[in-house]
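See structure below.
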Amino acid sequence: MNQLIKKPESVFGLATGSTPLGLYKEIILRCKARKCDLSQVITFNLDEYYGLSSDHPQSYHYFMQENLFKHIDIKPENIYIPDGMTDDVQKHCRWYEEQVRAHPIDLQILGIGANGHIGFNEPGSAEDSVTRLVDLSEQTISDNSIYFSSKEEVPKQAITMGIKTIMSAKKIILLASGDNKAKAVKCALEESPSANCPASWLQKHNNIDVIVDEDAGGLLKN
Ligand code: GLP
């Protein structure tokens, strides 16, 4: 909210999953109450399943529409989400990366996967990775299968901003809750930065807040 007051034309990087839902609800409530103006805001979503159309109920397009965008006064043309149905993935990823570069992200919201992924940057993701098509890990497919009617229906690939794309944000807020995230939070914050735990690259960012509940922070030494 402060970011919005400071700069009405802020660029926000947004995440999906259960973690940011409370934040989105709060934004909707506050904006309705105070009639805040989001008409100049630009948003970039981290990722999208490859092969899901924007009207598929498990697509991140649909998620964002239902859980945030349809409740606020953001302009549709200011919303950027990778296109899971693109017929030229490489060209689309290059274009997405250029758009982020042209509209530098002021504040990036992040969740974290149980294996330490951010966006869909799975273990093995390099520090200099950019927007690209990735294979999802077995663990991510299994973790995310709760949103689909079966594990077989979970797409095996996704388009995601890279680590470098995420790290280009001026400020980052990483959110995590629940003990299933404790190992990921531990590796993100207390292990040396490496591709084994993609969220650990965030230690190299100079303006990041990490907000975890007791369970997610349960394995932290400090
Ligand atoms: C997905 C998303 C991530 C998200 C993660 C955790 O894999 N690509 O951006 O952070 O899930 O989701 P949840 O918040 O539901 O635990």
Side-chain angles (χ1 to χ4, degrees), residues 12-27 43-52 54 56-68 80-84 93 96 100 105 107-125 129-148 151 153-167 169 172-189 197-202 205 208-213 215-218:
F12 292 102
L14 300 179
T16 50
S18 54
T19 310
L21 278 177
L23 171 68
Y24 296 155
K25 282 201 180 107
E26 195 60 32
I27 292 173
T43 62
F44 283 93
N45 264 82
L46 285 165
D47 46 15
E48 177 59 286
Y49 287 114
Y50 185 56
L52 294 196
S54 56
H56 188 290
Q58 304 313 330
S59 74
Y60 288 166
H61 275 79
Y62 192 88
F63 175 99
M64 290 307 301
Q65 198 56 33
E66 289 302 305
N67 292 298
L68 183 63
Y80 293 83
I81 306 179
D83 177 5
C93 291
Y96 203 77
V100 176
I105 295 173
L107 175 61
Q108 174 70 56
I109 304 298
L110 287 181
I112 186 169
N115 63 358
H117 74 233
I118 47 175
F120 269 132
N121 290 280
E122 297 281 31
S125 296
S129 54
V130 293
T131 303
R132 67 205 188 285
L133 181 68
V134 294
D135 293 333
L136 300 181
S137 69
E138 271 305 312
Q139 182 173 359
T140 297
I141 291 171
S142 157
D143 289 348
N144 291 4
S145 65
I146 54 166
Y147 300 109
F148 293 80
K151 199 174 153 187
E153 279 184 33
V154 184
K156 308 284 177 285
Q157 291 183 301
I159 296 174
T160 183
M161 280 188 197
I163 298 293
K164 190 175 163 193
T165 329
I166 293 170
M167 293 289 280
I172 296 177
I173 297 180
L174 174 68
L175 304 169
S177 61
D179 55 9
N180 61 324
K181 299 294 173 69
K183 263 173 80 176
V185 168
K186 165 94 182 147
C187 82
L189 302 184
C197 175
S200 64
W201 294 124
L202 297 171
H205 200 278
I208 173 161
D209 287 345
V210 179
I211 303 174
V212 298
D213 68 3
D215 289 336

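Just so you know, these numbers come straight off a predicted model, no measurement behind them. Remember, it's 1-based here, ligands and their atoms both numbered in the order they're listed.
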Protein contact to atom 16 (O) of ligand 1 [nearest heavy atom, distance to 0.1 Å]: K181 NZ, 2.5 Å

Atom pair CG (N67) and CG (L23), whose distance is rounded to the nearest 0.5 Å: 11.5 Å

Do L110 and L46 have side-chain heavy atoms sitting under 4.5 Å apart? yes

Do S125 and R132 have side-chain atoms, one donor and one acceptor, less than 3.5 Å apart? yes

Take every heavy atom of A15, measure it against each atom of ligand 1, and state whether any distance is under 4.0 Å. no

On a heavy-atom basis, I'd like to know which of I112, L174, N121 is closest to atom 6 (C) of ligand 1. I112

Please write down residue, atom name and distance for the protein heavy atom closest to atom 1 (C) of ligand 1. Y60 OH, 3.5 Å

Students should be able to answer this: which protein heavy-atom is nearest to atom 8 (N) of ligand 1, and at what distance? D47 OD2, 2.7 Å

Top protein contact for atom 12 (O) of ligand 1, by heavy-atom distance: G17 CA, 4.0 Å

Does ligand 1 have any atom that is closer than 4.0 Å to a heavy atom of Y49? no

Relative to each other, are the rings of Y96 and Y80 parallel, tilted or perpendicular (30° and 60° limits)? perpendicular

Numbering the atoms of ligand 1 from 1, which are under 4.0 Å from a heavy atom of Y147? 15 (O)

Indicate the ring-plane relationship of F148 and Y49, choosing parallel, tilted or perpendicular according to the 30° and 60° boundaries. perpendicular

What do you reckon, is NZ of K164 surrounded by more than 12 foreign heavy atoms closer than 6.0 Å? no

Below 4.5 Å, heavy atoms only, C-beta onward: do Q108 and I208 meet side chain to side chain? no

Atom 4 (C) of ligand 1 sits nearest the protein heavy atom T16 O, 4.0 Å

May I ask you to list the atoms of ligand 1 that are less than 4.0 angstrom from any heavy atom of G111? 10 (O)

Backbone or side chain, does any N or O of G119 fall under 3.5 Å from an N or O of ligand 1? yes

Would a distance-only check, ignoring hydrogens and angles, find a side-chain to backbone donor-acceptor pair under 3.5 Å from W201 to M167? no

Top protein contact for atom 14 (O) of ligand 1, by heavy-atom distance: T19 OG1, 2.4 Å

Polar contacts were defined as any N/O atom of the residue lying under 3.5 Å from an N/O atom of the ligand; does this apply to H117 and ligand 1? yes

So does K181 get a backbone contact from the side chain of K183, meaning a donor-acceptor N/O pair under 3.5 Å? no

Check whether any N or O atom of S18, backbone or side chain, sits under 3.5 Å from an N or O atom of ligand 1, and answer yes or no. yes

Parallel, tilted or perpendicular: which fits the ring planes of Y60 and F63, with parallel below 30° and perpendicular above 60°? perpendicular

Closer than 4.0 Å to some heavy atom of N144 - which atoms of ligand 1 meet that? 1 (C), 7 (O)

